[in-house]
Every structure is written in C-alpha cells, then in structure tokens.
Amino acid sequence: MSSFEISKAKDGNDTLVYMNERKRNFLHSSYYPDKEAKEWADAIRLDDESIIIVYGIGLGYHINYLLDKLSLSNRLILVEPSKEIFEFALNNGYYDRFKNRQNLYFISEESEEKLNIILQSYIPWDNFENVIYKEFKQYPKVFNKYYEIFNKSLIETINSMRINRNTALYFAEQWQSNFMENLEFVFRSVPVKSFFDVFKDIPAVIVSAGPSLDKNIDQLKEAKGKCVIICVGTALKALLKKNIEPDFVVSIDGGKKNFEHFDGYKVKSPLVYDLTLYPKILKEYEGSLIIAEIASTYTKLLSNKLSLDFGRLNTGPSVANLSLDFAYMLGCDPIVFIGQDLAYSDNRTHASGTTYEKDRIKENSDEKEYIYVEGNYEEKVLTDHVLLSFKTWFENYIYGHPDRTYINATEGGALIKGTKIMRFKEAIELFMKKEINISGEISSTLKDGKIKLDKRQIDDFAKEFRDTIKKLEKMKNDCMRAAKLSKKMYNEYQKDVNADVSHIVSILDKIDKRLKNSKDSFLYISSILNIVTTKVLKGFRPEKDETEKQKKLRIAMMSYTLYQGIYEAIEKSLEGLKKALKTVDEIKR
C-alpha cells in the first residue's frame, strides 16, 4: 500500500498527501501549491557562491521557482526523505525542469553513515561556509526522524570540513618547510606499500592516548607478540614507561609540539610518517622509517618525480584515524581500539604517562563548546567538535570497509558506531591466543623494501629542482611588478572611476600568461599558496548593490593581494628549495 496519494488542489494543480500513522499530511498546499511555492522561493536570498540545501522536494513546485534565482555557479542539493515519493515524482515528470541541471544533487533516504560520505562529496571543502539550508513547509515535522539524522550529519560534515581546512591553512607554511628538510630521509626509508597485507588476518591493536588507556595499558604485555601493536605518537611515552615497545609508531603532525612525544626516548620500532612530519623527530629517531603518501601533496609529488610508489594511506583529522587505515592495509583482522576515548573522561584529555597527562578541561568555560554524545558504557560522555570529527571519520571508514571486525576495547569514552564493545582482556582471550613472529616479519620486510634509486633518477630530480628555482626567481620578479601595477591601477580608479588603465591591464595579461605557462613550478610551493588563494577567494566577494567604482577598486585590490601574496610565497620558499637541492646533490655523491 502506498504511503502517499496525489489529489487536486483548489487551483487545479496536483498536491501531495502523505499518510503517517493514519494522519493525512499535505506536503504542499491543498489550495494553492503553486502560489505557496513562489512565496517560499521569493523569501530566499542568494549570491553566486551559495550552496543551497533544501529539505523536502515533494512534487518540486518550489524548486522550479528556486531555479529562476540560481546562477550556473550555484550548487543545489535536494533532500527527499521519502524514497517512494522521490521515485514517483522523478518517474512521472514532476522533476523534468530541474533533474538534469548542472550542479544539482539528489539525496533520498540514506543511512546516517552514508549521509556523511555523500555530504562530504557534495559540499566543496573550500566553500562550506556558503551553505544555505532551507526546509520546505511541513517536511521537518512529517519526516522528523530522518530530519534529525540529516541535520546531525550536515553539522558533523561541515564541522569536519572546517577543522580540516583550518588545519591545512594553519600548517601550510610549516608543512612546506618540513618537506624541504625531510627530503634526506626519503632515501633511507621503506615504502609503506611493502607492508600491505603482510599481516593478513592477524589481530591489530591501535593504541591511542585517551584517558581510558590507564585501565588496560598493562594488559598490552599479554598481547605483545600475539598481535600487531600500532601506537600513535601521543601514546608512545605511556607505553615506553611501561616497558612496552610497540610494533609500529605512527606520526604525521608537522608542528613543533609533536616532538615532545618523542623527546628523551630511544625508540627501535619502525615509524610510519609523511614528509610533512616535524623534522627533528626524523633526525633523532633511532628506529627504521616507513614513508607513506598521507596528508601531504608533497609526498605524492616526490613519488611521481622519482617514479616510485610509496603506497597511500587515508587519513582523517587525527593520527588515530590514519592508524586505522594502516592496520587495514596491513591486512589485520580484527582491529582493536584502546585509549580511543574521543571524549573527556573525568574531564581529562589524555592518559597517564603522556605529555598531556595533567591537562584538564573546564566544562563551563566560554573558550570552547562542549557537547554530550552516547558513550560506550555511560549514557552520555563529554566531547567537543574536534573529537566529534575524529569519531565521524571512524564511523564513515568502518561503514565503507565492512569486511573486517572492529572492536572498541577502550573501556570508556564515546561510542563508535560499527564497532563491537568489548573489554580488552576479553579481546585478548578471544583473538590473541598464539605467539606470532611479528618482529621477524617486520625485519624481513624492512630489509627487502629499502628504496633504491639509480644515478639517473637522482640527476633528473636535481635538474628539476634547479629549473624550478630559476623559474620561481623569474616569477617572483613578475609578481613584484604585477603587484606594483595593480596598486597603481587602484590609485587611478581612486582619482577617476573612468581612468584609462588599458596599458596596465595589457601588461598584467602578459604576466598572467607567463605564470600559467610556469604553473608546474608552483607544485613545490602549493601548500603556502593555498593561504594566498583562500585569502583572495574569501576576502574579495562583491558587496550587495556594489557601485561601479567599488567594483573596480575591489578588483584592483584583489589583483594586488594575489600578486603580492604569490611574491611573498616564492620569497619564503626559495631558501628551502635551495637547501633541498643541496640535500639531493649530497645524496648524489
């Protein structure tokens, strides 16, 4: 039996009635659905950057009117919680006017985990702040359960995007500098790809540094040699203080504070890293090094230039997220989490023995917004938006990789959907019964997997660095000139809005052409350039009712900011590039 029916409204148009627990709900007006739709669309204010999400499509009258207000650059995401209504309306011509529109996406009745993945693909990471979310009439009330799920997924998605982008912009300059300094370590590393499937169907324990690690860290001694122990850098000190040497350490943070987790300790375990890792860690690390393509575009760039395949690992906002993908790519099954609180148990941030063991949160502080989520053992536990983004990533990953068993043996903290909750002692007794030669397998793989480059590869790489430095020197001079010309154009418009600046525009066009022809040289400074482009894209949007003079001044200042920013990015980068070239030349000897 159908849950809806089509009937005629007073104005002669079709209207939609949804039956919910014997109650008839009109999803469009029973009198004037067309007039209602126009009034709804007229109340929405948009600009060319807007991403519009509409909860409730129904028969699409309001979407047809909304189309008249959209430009081709607008992205439109339409959500219909009833799959039955969606398929009927789509197949019976109600959506014909907009179903093939460019930049239009449909969402209809998906699980919470799938919704997160879909929204991440539909909402651009660099434009999430321009999302406009509109509900149509009775839809939130009639489809309340799905409405709550969708809202939660949307909030989590945008929260995760904000954190990831802010992190990338904050560390952009640091990451680029780290890449240049870390080049020397590539040639003594083993690609992570060498380890893929080496531990197929062997249990793995991912050790994170949450407060609940105190409850079961000692039990790791029982598991040692019977599973693969993967330790995030933050938890390393806690394990070493207990005389537990992990099988792998994973670290990717490019900031100076990350070194505190390693400072003063000698570690023999292999370290899985990306080229943006804080360089002092690699300089003082005594164990073997395993390089992977992770968060950095530079590592991929280097592997392409040297015709190497390091192997790729997926990462989220935390190193624990990365460790899960590493365990998966090792072939491990089951994968067990300990210390993965994702919450502030007893208002603590980290486990005992870690760098941050004394840190506490102030729940009622205005500095940070704290929220409650479902716990593993408690009804609600305290967390924040950053930890929530870690949790969302875990849940999306587990949903997308259902071929493994995931066990949350954290014994506290937040619930991770898709995991089985189990005491760590029980997990050891159930899955870690026999001794395995973990260290032998690791030693053998490290021995066989060392990166070997011939002289030609290194010569070609050194030549490319030299060419890049020469090109960037020329581009720097071009950008300096272009910035001065843009400033001059701004001053001309200030004096006279109709000033003839055609000569300036002609020179800028020529400079633009040269920059575009040399865009490959930007690859080595792409991280720091992200700051420049984001500043330009976000800082110079047109104002409402902008005058001709305001428009010309805005464009001139935008031009100045862009060229000046590129000039400064090249200036900051050249020293590091020259240092990296010196490193490559020394390797050749």
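Computation of the quantities below employed the complete heavy-atom set of this structure, encompassing side-chain atoms and omitting hydrogens, waters and symmetry-equivalent molecules. Residues: numbered from 1 along the sequence shown.
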- Query: Okay, side chain of T392, backbone of L388: is any donor-acceptor separation there less than 3.5 Å?
  - Reply: yes
- Item | Residues R24 and E5 bridged, charged N to O under 4.0 Å | yes
- Heavy-atom side-chain proximity of L302 to K300 below 4.5 angstrom: no
- Could you point out which residue of L16, D34, V17 forms a side-chain contact (heavy atoms from CB on, under 4.5 Å) with H28? L16
- Task: May I ask you to check whether over 12 heavy atoms, not counting those of E379, lie within 6.0 Å of atom CD?
- Result: no
- Hey, does the side chain of E80 reach the backbone of G58 with a donor-acceptor pair shorter than 3.5 angstrom? yes
- What distance separates I53 CD1 from I123 CD1, expressed to the nearest 0.5 Å? 4.0 Å
- Query: Is it true that a side-chain atom of S506 and a backbone atom of S502 form a donor plus acceptor pair closer than 3.5 Å?
  - Reply: no
- Message: Within the supplied structure, the quantity of interest is the number of heavy atoms (other residues, nucleotides, ligands) at a distance under 6.0 Å from K549 NZ; does it exceed 12?
- Response: yes
- Trace of the side chain to side chain contact (heavy atoms under 4.5 Å, CB included) decision for V54 with H62: CA-CA 10 Å; V54 180; H62 52 305; 4.2 Å; yes
- Item | With S71, the side-chain hydrogen bond (donor to acceptor under 3.5 Å, both in side chains) member among D47, D48, N103 | D48
- Message: Nearest 0.5 angstrom please: F390 CZ to N321 CG, how far?
- Response: 7.0 Å
- For atom NZ of K552, decide whether the heavy atoms of other residues, nucleotides or ligands shown that lie under 6.0 angstrom number more than 12. yes
- Say whether, by atom type as modelled, one donor and one acceptor occur between the side chain of S559 and the main chain of I555 under 3.5 angstrom. no
- Just jot down the ring-ring contact (aromatic ring centres under 6.0 Å, His included) partners of F326, sequence neighbours excluded, or say none. F248
- Message: I'd like to know whether L415 forms a side chain to side chain contact (heavy atoms under 4.5 Å, CB included) with V373, so could you lay out the CA-CA distance, the side-chain angles of the two residues, the decisive distance to 0.1 Å, and finally the verdict.
- Response: CA-CA 8 Å; L415 176 74; V373 295; over 6 Å; no
- Could you tell me whether the side chain of S29 and the main chain of Y31 form a donor-acceptor pair under 3.5 Å? yes
- Query: In terms of side-chain heavy atoms, does Y563 have a donor or acceptor partner in D512 at a distance below 3.5 Å?
  - Reply: yes
- Report yes or no: do Q120 and S160 form a side-chain donor-acceptor pair below 3.5 Å? no
- Query: Mind checking what makes side chain to side chain contact (heavy atoms under 4.5 Å, CB included) contact with F106, not counting sequence neighbours?
  - Reply: I57, L78, F86, Y95, F98, K99, L104
- Message: For V336 versus A409, what's the shortest heavy-atom pair and its separation?
- Response: CG1-CB, 3.8 Å
Can you list, pair by pair, the side-chain donor-acceptor contacts under 3.5 Å of residues 143-150, counting residues two or more places apart and other chains?
| unit_1 | atom_1 | unit_2 | atom_2 | d |
| --- | --- | --- | --- | --- |
| Y147 | OH | E135 | OE2 | 2.3 |

- Message: Closer than 3.5 angstrom, by distance alone: can the side chain of R97 be matched with the main-chain N or O of Y94 as a donor-acceptor pair?
- Response: no
- Message: Can you tell me if K69 has over 12 outside heavy atoms packed within less than 6.0 Å of its NZ?
- Response: yes
- Query: Any side-chain donor paired with an acceptor under 3.5 Å for Y55 and N151?
  - Reply: no
- Message: Given 3.5 Å as the limit, does a donor-acceptor pair link the side chain of R312 with the main chain of I294, or not?
- Response: yes
- Query: Can you name the closest pair of heavy atoms from G412 and N376 and give their distance?
  - Reply: O-ND2, 2.7 Å
- Note on the structure: OG1 (T383) and OH (Y344) are apart, to the nearest 0.5 Å, by 6.0 Å
- Message: Looking at T315, is its backbone amide N or carbonyl O close enough to the side chain of D325 to form a donor-acceptor pair, meaning the two atoms are under 3.5 Å apart?
- Response: no
- Whether D333 side chain and R404 backbone form a donor-acceptor pair below 3.5 Å: no
- Message: Are W40 and F136, when compared by the centres of their aromatic rings, separated by less than 6.0 Å?
- Response: yes
- Item | Sidechain-backbone polar pair: N13 side chain, A9 backbone, donor-acceptor under 3.5 Å | no
